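Below is one structure, written out as structure tokens; the observations come after it.
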Amino acid sequence: MILDASNRPYARIFLAGAMICMGMCVLLVTLYHLQVGRGEEYTSKVREQSTRQILLPPARGLIYDRWGIPLAELRPSIDVDLYLIEIKSEYLKRHRKLPYMTNQVRKRGVLQAVKEVDIVRVVDEQIAPLKQILGTKLDYDPSALVLHQRIRENVPFQLKSDLSFDEISQLVERISVVHGVHITPRPVRSYSYGATACHILGYVGKPEEAKVLDRDGKKIELETVGKDGIESLMDDDLQGNPGFRTVEVNNYGNIQRLVEHRNPSLGDSIYLSIDLRVQQIVERVMACVGRGACVVQDVKTGDILAMVSVPNFDPNTVVTKEGWKDISKNEAHPLLNRALSPYAPGSIYKIVVALAALKHNTVDSRFSTSCGGGMWIADRFRKCWSFDKGGCGTQDLIGGIKRSCNVYFYTVGIRTGLQHVSDMSRDLGLGEPQEIPLPHPSNGLVPSLDYWKKTYPKDRFSNGHMANVSIGQGVVAISPLQAVNIPATVANGGISYYPRLIKEIRDSDGNLVREEPVRERARLQVPPEKMEWVRKGMEAVVGEGGTGRRAAVEGYKVAGKTGSAQFPTRIRGRQVKDTRTWFNSYAPADEPRYAICMMVEGGVSGGSTCAPLVSEIYTQIFNLERSSGAYQLAYMQPVRGHFDGVQEIVEEAPNAVQGIAVPMPAELQNDSPTEANDDNTPAPAAQPVMPVPAGKPLPGRGNR
Amino acid sequence: MRTLIDPESPALKKATLWDKLMRIHWPLYLLALSAALIGVACIYSATWTSDRPEMRMAFQRQAMWVSIGAATSLVISLIDYKKLLHFAWGYLVIGFALLVVTLAIGQEIHGAKSWINLGPMSLQPAEFTKICFILFLSWYLGLRGKDVKTFQTFFVSCAVMGAFMLLILKQPDLGSAAVFAPICFLMMFVAGVSKRWLIVGLMTGVVGFVMAFLFVLKEYQKLRLITFLNPGHDLAGAGYHLNQSKIAIGSGGLLGKGYMEGTQNMLGFLPRDVSFSDFIFSVIGEEFGFLGSGALVIGYALLLLTGLSIASRAKDTEGMLLCAGVVGMIFAHVFENIGMTIGVTPITGIPLPFISYGGTFILACFIGIGLMQSVHVHRGRLS
């Protein structure tokens, strides 16, 4: 058949060709758009779905004492880790959709309904084959898992820690077919000496909210954070960099090859000023105390050699479910670091008054008062503690300190004035920021004139108020750490140092990262010969007839000052007088090296409760010096604390009348409560506040 | 106007085998052959990491089929298509018979009864029926001559097409069935069927499709269409193939990741059971980038335009329609197959001509090329 011109086949073929070209152009344009236009986007999608990052947990830096004995170490734990994102995508593949549930979540204090993946259901299904092997050993806390998903989905969830070798070998076979579950060795914190220095060290746990560390411009999502003490405040230094393994996976999630491997690193290590031997000496002595604190300071540098607070806790177990329950049930608040909590100082504050008076020449060595058991101040009779014994008699400065005569210090305090006393307090760091890298409740309080005017605008600061301040009562509150600086400064001739807890920070190779220098806070500018009077007075306290004579150590001269302040409070529903007893001291008196401040709650008096214990501590420290440093270190069990009187460990029976250092003003002796009745003095010494622990720890998920 | 000669003329009959060989459109043949060889290479790349040995050997079987196809194509080139068209009714009968037999004794793979098992190999008869249909329709439309514009011509063409489609839909193989429509449409258009009827046909097609969607299509087919219209829907399920294919092709970028370097395919995100057949283009796009995949599209365009140019120079309507039919078939497959991998068309199980794994279709494509060559060889005076 011949082609017919009227049929115009050429035109139609041409049209057909045009249609084909159009079709091909559509394909070309789409291809260009896909490959060249959005190539990057799809490339990242490929990376996203075909690579997995397995985190290699970093190791926290170690914490050493001043001689390099590790207090906080690391030990390996073999853990089962869940990678939630991977597990969810597996679930999605199997079921086409994820189960959701609505949870009430507190956001900025407001409860909100939030739709979340029902992660417990997803995980339970995924680990079912593993549960067949290990059974209930793989039980976990569902609420911890839900929280984990909410705040740090990107870091693995530790399903089980500390696998045994048996468990590992049982799991290893099956785990390769269960995607998103890995066995990971993880260096975990271990405190080699148990409760030793627990308030200094703190402990570690899971962060309550997503915590990200910015290091060299890289964001690191943290798995474990320090929760208290040095662990918490120096967390950024202690954190190591996590490593990772980037692996290529196929569509089933099976690992095909290693793409990149970076080893995790060890964080910086911290060298404390603490001397572990001294710390344990103090801890052993303090173990008999229900509640209290003791600080040992090097008088020449301000180094804290020991800092103990009882009751205490074992940082290895505090974040476990049982450990936390135990601690939160304990009414003595073991987590509270009493060494940093302010209390009414009582008579130990008289040294500050004396120093202020000497600096400003309001008294001299000949100045003396006559105490008949009390004196009249602004129409009120104020008793001395010796009221029942007929008074202290005529006392000069040394005698006033030795006998802790209230009348003497009422007089000196009023002569010197609040401003000079508060200035002296400031130089000694009392009522000032504590400048120590530990969390602490407050700075304490020493009133100044400005403070008084601001706080009590209608109440003129009277001599009555000043009398109260002069004997360390009323609003005055200082922590044992602040208090120890008083004898330390007297001992070294008037240089007030900042307390130093951290000596230096070194990286994992031992290179020095940062050195914390010895820092002077102030010089007291009390002439040496006058300072000598105070020292004489403090030595006399421990001497014959002094209030603190039971602090004496054979072969060494100890100088000190007793103190006690009653604190009316309710314990277990009973109204009681909870006496805070103090002993503030330094030794050896002729060549001072150590200053020790001890505070015991629920004691009888500074002289009878604290002085013997301090004596015991000094004896052991000096034994240590003589025996070239050998000391048997031990794993310390936590001290549970109690509200009973202190167990007496001294040879003499306690004699309350003899030993009592500072009674309350007369009114208080008879009727409780309180200082508040007296001279309209406002609020009593700051009540130690239980630090609100940073939320409930994730029970059972702790780094043990 | 070129000189047209009587096909029965002694001049042509006397043409030697050598004369005919010299008249073969070698560029077209080489285009097809090189596409097929690229296909073998890409099938290797798509399957070499597979853990199933028979998958890893797929490229060898494909190479065998390509050799068979290339040879068949040459043989057909040398046979006068007029002689082939003598048996036009025979093709229709064979075509229907193949489909009926398939429905009767066919093997079900992936839910479609599309295969006939012949001992060592399986055939997909539906692919051959496309050639049968083209041969028959060329003959029929040529026979109609000036009556081609009438409704009767249109109706008969559509009826034959519909019969084929229904039998294939019964398997069910929506993609292969649908391919008949563009083939038929292009052939009728080139033959000169009245535009009125063509438009009616298109509208009937659309209405038919909607009816089919509502009453005939299986659930998975509906899902594919929904996915096409809404690609983000259910990425782990129905949208998985399209999503992964787009990721593969898109991540190829301009230059591609290199031969045998396509991770989407190697890691199995591109499902292994289709990456060497229906989704081979995703592998090409990923490994050779826009330059490679664009070149392939242009290669197909060249092949198709060459086919149309042969059609325009055919010595008679049958020859012209034969070429148009083959062009229509290849175009439909290319457009639908590449289109579905990049989200331009809905996903159907349609192979990419010359490249996708599949012996029957390779053979069918090469037969198509042979037919076009035959038209070219026998276009006019030989000496």
Side-chain angles (χ1 to χ4, degrees), chain A residues 1-51 89-98 248-254 256-257, chain B residues 4 142-143 145-146 148 186 189-192 234-237 243-244 246-254 256 263-264 266-272 285-286 289-290 293-294 297-298 300-301 304-305 308-309 311-312 314-318 320 323-324 327-328 331 334-335 338-339 342-344:
Chain A
M1 197 164 292
I2 309 296
L3 287 178
D4 185 3
S6 68
N7 224 1
R8 297 199 314 272
Y10 296 117
R12 292 195 297 268
I13 289 175
F14 184 80
L15 268 175
M19 280 192 276
I20 286 170
C21 287
M22 267 172 55
M24 292 307 189
C25 283
V26 168
L27 295 182
L28 275 180
V29 168
T30 313
L31 271 175
Y32 183 86
H33 174 65
L34 209 62
Q35 298 190 286
V36 182
R38 297 171 64 187
E40 300 279 316
E41 177 193 329
Y42 284 111
T43 304
S44 71
K45 277 191 182 174
V46 166
R47 202 176 310 126
E48 200 176 290
Q49 70 176 6
S50 67
T51 57
S89 83
E90 279 296 311
Y91 190 94
L92 194 62
K93 261 187 215 163
R94 264 200 310 276
H95 297 276
R96 295 284 162 87
K97 63 179 182 213
L98 287 165
E248 202 171 70
V249 295
N250 65 9
N251 61 325
Y252 300 114
N254 293 327
Q256 302 292 298
R257 70 187 179 95
Chain B
L4 297 166
L143 187 77
K146 285 189 173 146
V148 82
L186 194 69
F189 175 73
V190 171
D234 195 10
L235 288 182
N243 184 42
Q244 292 298 342
K246 280 168 93 172
I247 291 177
I249 294 173
S251 67
L254 183 64
T263 55
Q264 278 291 95
M266 278 194 297
L267 296 174
F269 289 100
L270 213 52
R272 288 182 190 284
E286 186 182 16
F290 178 67
S293 54
V297 171
I298 289 170
Y300 276 120
L304 294 171
L305 294 179
L308 286 179
S309 90
S312 71
K315 71 180 173 204
D316 53 18
T317 311
E318 283 93 338
M320 180 182 75
C323 289
V327 165
F331 174 71
V334 169
F335 188 78
I338 297 183
I342 55 181
V344 171

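The chains referred to below are lettered A, B, ... by the order of the sequence lines, with proteins before strands, and numbering in each begins at 1. Keep in mind that what you see is a predicted model, and the values were worked out from it rather than measured. Side chains included, hydrogens not; waters and symmetry mates left out as well; all remaining heavy atoms used.
- In this structure, the portion of B/Val327 lying under 4.5 Å from any heavy atom of chain A is its side chain and not its backbone.
- Contact check for A/Met19 versus B/Phe331: no side-chain heavy atoms found under the 4.5 Å cut-off.
- Residue contact with chain A, scored on non-hydrogen atoms closer than 4.5 Å, is absent for B/Leu270.
- For A/Pro9 against B/Met320, the heavy-atom pair with the smallest separation is CB-SD, 3.5 Å.
- For B/Ser293, the parts sitting under 4.5 Å from any heavy atom of chain A are the backbone and the side chain alike.
- For the pair B/Leu186 and A/Ala16, the tightest heavy-atom approach, listed with the atom from each and the gap, is CD1-CB, 3.8 Å.
- Both the backbone and the side chain of A/Gln49 have a heavy atom closer than 4.5 Å to some heavy atom of chain B.
- Neither the backbone nor the side chain of B/Ala324 comes within less than 4.5 Å of any heavy atom of chain A.
- The two atoms that bring A/Cys21 and B/Leu305 nearest to each other are SG-CD1, 3.9 Å, heavy atoms only.
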Side-chain polar contacts of residues 23-33 of chain A - donor-acceptor pairs under 3.5 angstrom, sequence neighbours left out - could you list them?
unit_1	atom_1	unit_2	atom_2	d
A/Thr30	OG1	A/Val26	O	2.7

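- Proximity to chain A involves both the backbone and the side chain of B/Leu308, based on heavy atoms less than 4.5 angstrom apart.
- Summarising the local packing, CD of A/Glu41 is surrounded by more than 12 heavy atoms from other residues, nucleotides or ligands at distances under 6.0 Å.
- For chain A, the option among B/Leu304, B/Leu267, B/Val334, B/Ile249 with the highest count of heavy-atom pairs below 4.5 Å is B/Leu267.
- Per-residue heavy-atom pair counts under 4.5 Å with chain B were compared for A/Leu34, A/Leu15, A/Val36, and the maximum is reached by A/Leu34.
- Using a 4.5 Å cut-off between heavy atoms, B/Ile342 contacts chain A through both its backbone and its side chain.
- Note: A/Ser50 leads A/Gly17, A/Ser50, A/Ser89 in heavy-atom pairs under 4.5 Å with chain B.
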